[in-house]
Amino acid sequence: MTLTETDRENINPPARRGVFVRIASFAYRRRWLALVLWVAVLAGTWAGASVVGEDYRNSFSLPGTDSQHAADLLAEHGAARAGDTVEIVLRHDGGLREPGVEQRVTTMLDEVAGLPRVAQVHSLYDREGAISEDGTIGYATVMLDMPSTDMPTTDTQRIVDTAKEIEGEGLQAELGGEAARTLAAGETGAAEGMGLLAALVILVLMFGTVIAAGLPIIIALFAVGSTVGAIVVASHVFTIAEWTPPMMILVGLGVGIDYALLIFARYRAELVRGEDPERATVNAMDAAGRSVFFAGCTVILALLGLVALGLGSLQGMALATALTVLVTMLASLTLLPALLGIFGRRFARQFTQRAERRKAKGRADDGSGWRRLAVVVQRRPLAALLAGTMLVAALALPALGVRLGFSDAGSDPEDTTSRQAYDLLSRGFGPGFSGPLLVVTEGGSDGVEQAAGAVASALRGTPGVQAVADPMPTPDGEAATVLVFPASSPQDEQTSALVDTLRGDVLPSLSAENGARYLVGGATAAAQDYSSKTGDRMPLFMAIVVGLSVLLLMVVFRSVLIPLKAAVLNLLSIGAALGAMKLVYQDGMFGIDPGPIEAYLPVVIFAIAFGLSMDYEIFLISRMHEEWTGSPSRDHSHAVREGLANTGAVITAAGAIMVVIFAAFVLSPDRLLQQTGFGMAVAIFVDAVVIRCLIVPAAMELMGRRAWWLPAPLTRLLPRVELERH
């Protein structure tokens, strides 16, 4: 006799059909409709993206800073350029002025002048100072008719190819500038593919079947694919940086697999307990689905905290990545039940048979090892807490010396044309040649021309300045610019110190004498302003993210100590990530070219890692809470032990998947993605292995029943949510 759904509910009725039960039941029963709808969403977004194409734009506007005032002043006086420049850097050990060499170079520059996107070419032979003192290295300036960020890579490649046609017989040609650097950026597809392959291997080892292992990856691909397609379309309306999609993919793949894995692991446990596939799906969604929902909310809150910084492209990245997490959460709650409905009977047969074989061989259940670990920690909780905390704190200590900035071409791979051009210019003209400062002059008691001349003379005698160009008036003659070449590279701390000296001492003194207004701008100064602005707003950002997350956890767990403990431990894991980044990328450990940490990475990693750490906190503590509320004796030690036993494998598997996905981005040629992937991998490893499996059980054991204490006023004030089904 076949039981109807009503019969099944009469035999084993759910106490309450909450929203997660209704969603799971609908998706399970209308599985093909749910699947078709998600396919339509994915196809529709990419159809729209294919039609309109992307229009990513970087925005580094910094209202209230010297560099932004300098840029605004130049625009006001008609000196804002529609386009940027690239440099064709040439080297010939016999001298660039040799008649044969000069003829070849001149012919090549004439050809470059006729290429698309080229407005004008200034030859190295027509300007003083464009050839080094020994005559072996020189540069020609190519004026573009558009900003470097908008320059198509195909057009940039044409300039490179044309320049390199003259190579041979000792002559070398390379292309420098921001447009040339985009050629080294490459694609992240290889990193993503390697990360997904490693994730699939981990999932196969965990579930024992390729189909089961593939479901979390399918969920992640649907969610990330749909969101990236939507962001491509949205880039025509909103300011979205070109590095946003890789960041979305990085986070989306990680959380997508994580959320689906948590639900699927609970689904497998329900099947092994003897539930039929539909009831197992509903039970898994009603328990693990709630954890996924609240975990997703914490990540979204943390990302939206970036909006409070008000820093150009960060806002677009934060909103886009938050949307990715939201869609990923929705896919886990709707698409996954549909797929479980399609493959449910096969999974029921495979998982139950595997459990029976394991039992027949006398093997312990999957959580026995984690249960033993919990027992060890509970015997010496204070020692475990101190050992784990000291280990993480030691790794976090170097973070106090992090120096923020932006990488220049000196950090590009050595085989790229932009890096070789950078090295040649540094050898021929000094390390500061690739990042000049721009001093803008306006007004003055004796006129702007005299004021600009005075600042040029003063700067030539300033320590740390290698060379100063002659003043150049703006088109309206009301202002002037002076290029200042530091003696150190753009990434060097001495260059930052020089900017501070000019702004705090040299220029104010000169301004007091002649009444002129002096501003230090240019890309190098703007990078320092961006770093300072980020540091100034970091406390507000941290207060918003930590405060909202603590409040959410108070609502979820009806506790004061658990949210505070979670916030402190999450900050420790983020500190460990920044400390490791400082050792590797700033100090040059493992042979990495040393340089500053990208200015906006600490806040990005803080937002993402803090949110993901809260994910693991919710996964672990929610199961402890379930065991505690489900025990008639309210045995806290039992709840801690069983909570770790039931989630330890899932958390470490999810953490391992996150680590391999993030670590795969270290293989990217883009230094920003390298640092992001490395920092996130370290943060997740520390959090999933050391904090969740060692420090948290020890802290929970020490807190005892006080862990679930909430003051009466807060009990009345905070809304009540149900973390477990009743």
Side-chain angles (χ1 to χ4, degrees), residues 58 71 74 79-92 96-97 101-132 135-168 171-185 242 408-410 412 415-430 432-438 467 469-470 472 475 481 483 485 490 522-524:
N58 292 331
L74 289 176
R81 296 180 303 176
D84 286 331
T85 64
V86 293
E87 289 76 39
I88 298 177
V89 185
L90 302 146
R91 180 190 66 84
H92 190 273
L96 291 171
R97 295 191 182 277
V101 173
E102 183 171 347
Q103 178 61 41
R104 290 162 60 193
V105 170
T106 301
T107 301
M108 178 269 292
L109 294 179
D110 290 340
E111 293 179 12
V112 170
L115 294 176
R117 312 297 182 185
V118 175
Q120 193 176 4
V121 176
H122 297 291
S123 173
L124 63 163
Y125 301 112
D126 299 337
R127 293 177 299 160
E128 185 178 352
I131 299 178
S132 62
T136 61
I137 298 174
Y139 67 95
T141 302
V142 179
M143 305 291 296
L144 306 176
D145 63 3
M146 58 168 40
S148 296
T149 53
D150 297 335
M151 181 76 169
T153 55
T154 53
D155 292 328
T156 305
Q157 189 63 53
R158 286 193 187 98
I159 298 176
V160 175
D161 294 340
T162 303
K164 285 186 168 293
E165 286 178 358
I166 66 169
E167 287 190 327
L171 183 60
Q172 179 183 358
E174 307 293 347
L175 194 68
E178 286 304 310
R181 295 192 67 195
T182 61
L183 297 177
E242 60 187 3
D408 54 28
D412 291 347
D415 59 348
T416 60
T417 187
S418 57
R419 170 64 181 272
Q420 295 186 34
Y422 176 93
D423 291 342
L424 288 174
L425 289 174
S426 298
R427 189 196 314 171
F429 302 94
F433 188 85
S434 298
L437 304 175
L438 185 68
D470 293 332
M472 293 287 293
T481 60
L483 279 178
F485 297 94
T524 301

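Here, residue 1 is the first one in the sequence, and each next residue gets the next number.
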With sequence neighbours left out, the residues meeting ring-ring contact (aromatic ring centres under 6.0 Å, His included) with Phe429 are Tyr139, Phe433
Applying salt bridge (Lys or Arg N to Asp or Glu O under 4.0 Å), can you list everything that pairs with Asp155, at least two apart in sequence or on another chain?
Arg117, Arg158
What residues form a salt bridge (Lys or Arg N to Asp or Glu O under 4.0 Å) with Glu87, not counting sequence neighbours?
none
Supply the atom-to-atom distance Ile88 CD1 to Ile159 CD1, rounded to the nearest 0.5 angstrom.
7.0 Å
Those residues at least two apart in sequence (or on a different chain) that pass side-chain hydrogen bond (donor to acceptor under 3.5 Å, both in side chains) with Gln420 are Gln172
For the atom pair CD1 (Ile137) and CG (Leu96), what is the distance rounded to the nearest 0.5 Å?
8.5 Å
Would the distance check show the side chain of Glu167 and the main-chain N or O of Ala173 forming a donor-acceptor pair, the cut-off being under 3.5 Å?
yes
Who passes side-chain contact (heavy atoms from CB on, under 4.5 Å) against Ile131, sequence neighbours left out?
Arg97, Leu124, Tyr125
Can you list everything that forms a side-chain hydrogen bond (donor to acceptor under 3.5 Å, both in side chains) with Glu111? Sequence neighbours excluded, please.
none
Pair Met108-Leu90, side-chain contact (heavy atoms from CB on, under 4.5 Å): steps then yes or no:
CA-CA 11 Å; Met108 178 269 292; Leu90 302 146; 4.0 Å; yes
Using a strict cut-off of less than 4.0 Å between a Lys/Arg side-chain nitrogen and an Asp/Glu carboxylate oxygen, indicate whether Asp423 and Arg419 qualify as a salt bridge.
yes
Under the side-chain hydrogen bond (donor to acceptor under 3.5 Å, both in side chains) test, residues paired with Glu165 that sit two or more places apart:
none
Nearest 0.5 Å, what's the CG-OG1 distance between Asp110 and Thr162?
12.0 Å
Counting distance only, does the side-chain N/O of Thr141 pair as donor-acceptor with the main-chain N or O of His122 below 3.5 Å?
no
Across all chains, not counting sequence neighbours, the side-chain hydrogen bond (donor to acceptor under 3.5 Å, both in side chains) partners of Thr136 are Asp134
